[in-house]
Amino acid sequence: MTRTGERVGAARLRTPAWIARIETPDGRVLGAGVLLAPRRVLTAGHVVAPGRPYTVRLVGVPDLDAVPATVRPDEHVPQREHLGDRSGDLALLRLAAPLPAEHTTRLYRLAAPHGPVSMYGFPDGDDGGRWHGATLVAARGRDSQVQLRPVTPGELAAPGFSGGGVVDHATDQVIGIVLSVDEGPGSAFSYMSPTETILSHLPQAAAWTDGAEAVDPRLRTGAAAGRLDVPFATELASWFRGEGWPVLVTVVPATGDRAWTLQRAVTLADRELRTHRNTSAVSHDPPETVPPAGAHDLALDVTGLTAADVMDRIAERLGIRGDPRPERLGDLRVPLTAVLVAVDRAAEPDALLGLLDRLAGQGARLLPAFRRADGPAARAAELLMHRPLRRRWSRLHGELDHITDELGPALDARRCRVLPGPGTRPLLDRAEAGVRRTQMLRAWVAHTPGQEHEPGRADLLFTFEDAVGRRRRRLEEAIGLLDTRLRRREELLGRVGAEWPLCRQRAAAQGDRVIVAYRLYEDALSLLRQAPCDIERAEAAVERFVGFCSATADGEEGAS
């Protein structure tokens with residue numbers, strides 16, 4: 001089996017042995033595929049159709065003949081679209097004769113795909129194929145298809161890339177296949193189906209897949225259904241949607257309806273485990289209890305595990321190689337989302353709680369579940385939820401006070417001394433309006449009911465923080481613009497003051513010119529001392545005065 005890592009370094013100049021070119025029997029190129037087994041090639045569903053003949057060629061392996069191939073209806077998942085949300089579009093080709101096993105590769109599960117990748121395909125006119133670079137942007141839709149932003153406009157995946165493998169630079173693994181390209185002029189993205197989504201549609205591909213599964217087998221819903229705890233399911237689904245405070249500390253006994261409800265949530269929120277079968281089973285449940293697919297990176301029962309064990313599992317899921325320290329998570333563009341169950345049954349509960357505190361500080365979304373509602377659960381709730389939430393509200397109060405008591409008066413004081421420059425009045429007016437809105441917000445926050453400060457209502461805090469941050473930055477910009485004009489006023493005052501004594505002497509030597517010089521001097525000085533000062537008018541007056549003084553000096557030189 002070939003190493004997927006053929007992509008890196010100089011090897012990126014070569015065609016990978018596992019890349020398949022899919023053709024019609026008469027040689028027309030349809031797209032690309034990934035050789036997973038001697039007789040199996042994974043590709044995009046729109047490249048092939050059941051009942052039609054195809055040929056598969058490994059263009060990276062010289063002297064190998066093309067092999068006939070077909071796709072069965074039960075291994076073809078057509079693309080479906082609902083309100084712009086695409087899903088499926090996958091197929092497994094069966095080859096009439098085996099290709100050499102040493103040229104196969106494997107898929108790799110990788111949570112929260114992020115960072116640079118490469119994809120191989122066959123753009124029009126290039127039957128040998130080429131690598132294109134891209135960056136994984138974000139998952140979208142119920143199928144968690146991942147957007148691929150090309151490194152350069154010329155590297156947008158053309159149709160000949162459909163079905164081609166996408167290789168992650170950090171792990172040198174195939175983490176998905178290219179599905180489609182944005183349609184229309186100015187398209188900037190193509191889309192990838194990640195490995196776990198592929199497995200949800202084609203579970204037989206698990207035989208050729210590596211990488212840790214997201215959900216611990218002990219946390220998956222089994223055949224025996226429990227009774228849905230609707231309030232708890234609603235709370236879980238809200239957290240999985242990214243609502244509220246990013247850490248949700250909860251208590252879940254080992255058995256019972258609450259345990260089953262958590263298992264249901266983590267199963268439905270996983271890309272690989274969320275299938276048509278289990279979504280059909282919850283179709284009659286309240287929609288607010290159903291979490292989105294791809295909403296977590298890891299769901300783990302930590303009973304008996306050390307903090308190092310947990311960090312190793314997190315690192316494996318995120319593709320962190322060699323040095324699984326918590327601080328390395330800060331380098332990832334996409335934050336970790338993890339469910340950790342039975343935290344109070346871990347081998348080192350206190351050390352694990354410390355790890356969770358560090359991860360939360362780096363932006364991770366965490367759902368630590370405890371078996372009992374006693375001391376450890378209460379300490380975790382205080383450390384990870386209540387204390388940081390109070391600090392954030394306190395910082396918000398400080399920002400509100402800073403805007404209303406400091407920045408607002410500072411802007412008023414400057415506007416009393418200098419007029420805004422051309423084109424800047426709208427900014428200053430918006431900044432002033434922001435102060436008034438912040439005064440109203442401060443009054444509302446001071447009298448807001450206590451339940452509005454609960455973790456589940458943290459979105460309100462985040463909205464306030466964003467608004468207040470924008471207002472503060474706008475005020476600082478406005479004050480900076482006025483400070484620049486005030487500094488210009490001081491420069492002009494200094495220039496007039498330095499010019500006047502010498503100009504007066506020269507003008508007096510030329511008779512009545514001293515009267516004109518004095519009038520120009522007074523005009524400039526009056527405009528500069530006016531409040532608020534019109535810098536443009538004052539500067540024009542200063543230029544007239546200085547120009548007259550220069551002419552006076554020239555007249556003296558001519559007389560001599």
Side-chain angles (χ1 to χ4, degrees), residues 235 238-239 241-248 335 360-363 365 381-490 493 527-538:
E235 182 182 35
S238 174
W239 182 84
R241 286 193 295 268
E243 300 168 2
W245 188 249
V247 180
L248 174 61
Q362 292 175 336
R365 291 185 60 80
E382 174 64 18
L383 177 67
L384 302 175
M385 294 171 61
H386 302 304
R387 185 187 304 170
L389 191 56
R390 287 196 300 270
R391 288 173 179 166
R392 290 277 287 269
W393 276 106
S394 178
R395 283 199 297 269
L396 177 65
H397 281 283
E399 283 282 271
L400 294 171
D401 292 343
H402 181 53
I403 288 175
T404 56
D405 297 341
E406 299 177 35
L407 294 180
L411 179 65
D412 290 341
R414 285 158 175 79
R415 293 202 76 168
C416 289
R417 295 175 61 193
V418 65
L419 292 175
T424 63
R425 185 179 295 276
L427 169 65
L428 270 65
D429 290 344
R430 289 197 302 272
E432 281 191 340
V435 175
R436 293 191 295 271
R437 287 193 293 269
T438 302
Q439 290 169 338
M440 291 186 289
L441 177 58
R442 182 168 69 166
W444 187 91
V445 169
H447 299 90
T448 185
Q451 61 265 29
E452 297 294 345
H453 290 198
E454 292 298 317
R457 297 282 292 162
D459 287 338
L460 190 67
L461 168 66
F462 303 150
T463 300
F464 291 163
E465 288 176 330
D466 290 342
V468 169
R470 288 194 302 273
R471 294 170 193 171
R472 175 178 50 77
R473 290 188 294 272
R474 192 177 294 137
L475 276 162
E476 290 170 346
E477 182 182 0
I479 290 170
L481 290 172
L482 294 181
D483 279 342
T484 298
R485 293 175 68 77
L486 286 171
R487 286 192 294 270
R488 180 58 179 159
R489 173 181 172 274
E490 294 304 315
L493 279 169
L527 287 170
L528 286 168
R529 289 175 175 171
Q530 187 177 3
C533 175
D534 186 329
I535 294 295
E536 283 68 34
R537 286 186 62 201

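These numbers were taken from a predicted model, which means no experiment stands behind them.
- Atom CG of Leu411 sits about 9.5 Å away from atom SG of Cys416, to the nearest 0.5 Å.
- Residues Glu454 and Met385 have side chains not in contact (no heavy-atom distance under 4.5 Å, counting atoms from C-beta outward).
- At least one side-chain heavy atom of Pro420 sits less than 4.5 Å from a side-chain heavy atom of Arg415.
- Annotation: the span from Glu432 atom CD to Arg436 atom CZ amounts to 6.5 Å, rounded to 0.5 Å.
- Looking at heavy atoms from C-beta onward, Leu475 lies out of side-chain contact with Arg472 at the 4.5 angstrom threshold.
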**Request:** Let me see the working for Glu399 and Phe464 under side chain to side chain contact (heavy atoms under 4.5 Å, CB included), right down to the final yes or no.
**Result:** CA-CA 10 Å; Glu399 283 282 271; Phe464 291 163; over 6 Å; no
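- Contact record, Gly408 with Val435: CA-CG2, 3.8 Å, taken as the closest heavy-atom pair.
- Closest non-hydrogen pair, Leu528 versus Ala538, comes out as CD2-CB, 3.6 Å.
- The only option from Arg395, Arg392, Arg471 that meets the salt bridge (Lys or Arg N to Asp or Glu O under 4.0 Å) definition with Glu465 turns out to be Arg392.
- Interatomic distance, CD of Glu476 versus CD1 of Ile403, reported as 8.5 Å (0.5 Å rounding).
- At least one side-chain heavy atom of Leu428 sits under 4.5 Å from a side-chain heavy atom of Leu482.
- Note: His453 and Trp393 have parallel aromatic rings, judged against thresholds of 30 and 60 degrees for the angle between ring planes.
- Residue Arg417 qualifies as open at atom CZ: its count of foreign heavy atoms under 6.0 Å is 12 or below.
- Taking every heavy atom of both residues into account, Leu384 and Trp245 meet most closely at O-NE1, 3.0 Å.
- Counting heavy atoms from C-beta on, the side chains of Val468 and Leu400 come closer than 4.5 Å.
- A heavy-atom distance below 4.5 Å is not found between the side chains of Arg489 and Val418.
- The distance from the CG atom of Leu461 to the CG atom of Asp466 is 9.5 Å, given to the nearest 0.5 Å.
- A 4.5 Å side-chain heavy-atom check between Pro532 and Arg414 finds every atom pair outside the cut-off.
- Remark: Ile479 CD1 to Glu477 CD distance equals 11.0 Å, nearest 0.5 Å.
- Enclosure of atom CZ in Arg529 is not indicated, since only 12 or fewer non-hydrogen atoms of other residues, nucleotides or ligands lie within 6.0 angstrom.
- Side chain to side chain, Arg487 and Thr484 meet the donor-acceptor criterion of an N or O pair below 3.5 Å.
- Nearest heavy-atom pair, Gly244 versus Ala458, reported as atom, atom and distance to 0.1 Å: C-CB, 3.8 Å.
- Side-chain atoms of Arg485 come within 3.5 Å of backbone atoms of Leu419 as a donor-acceptor pair (strictly under, hydrogens ignored).
- Proximity of a side-chain donor or acceptor of Ser394 to a complementary backbone N or O of Arg390 within less than 3.5 Å is not detected.
- Environment of CZ in Arg537: sparse, with no more than 12 heavy atoms of neighbouring residues, nucleotides or ligands closer than 6.0 Å.
- Annotation: side chain of Asp405 is in contact with side chain of Arg442 (closest heavy-atom distance under 4.5 Å).
- Nearest heavy atoms, Pro409 versus Thr404: CD-O, 3.3 Å.
- Closest non-hydrogen pair, Pro246 versus Trp239, comes out as O-NE1, 3.1 Å.
- The pair Glu536-Arg488 does not meet the salt-bridge criterion, since no charged nitrogen lies less than 4.0 angstrom from a carboxylate oxygen.
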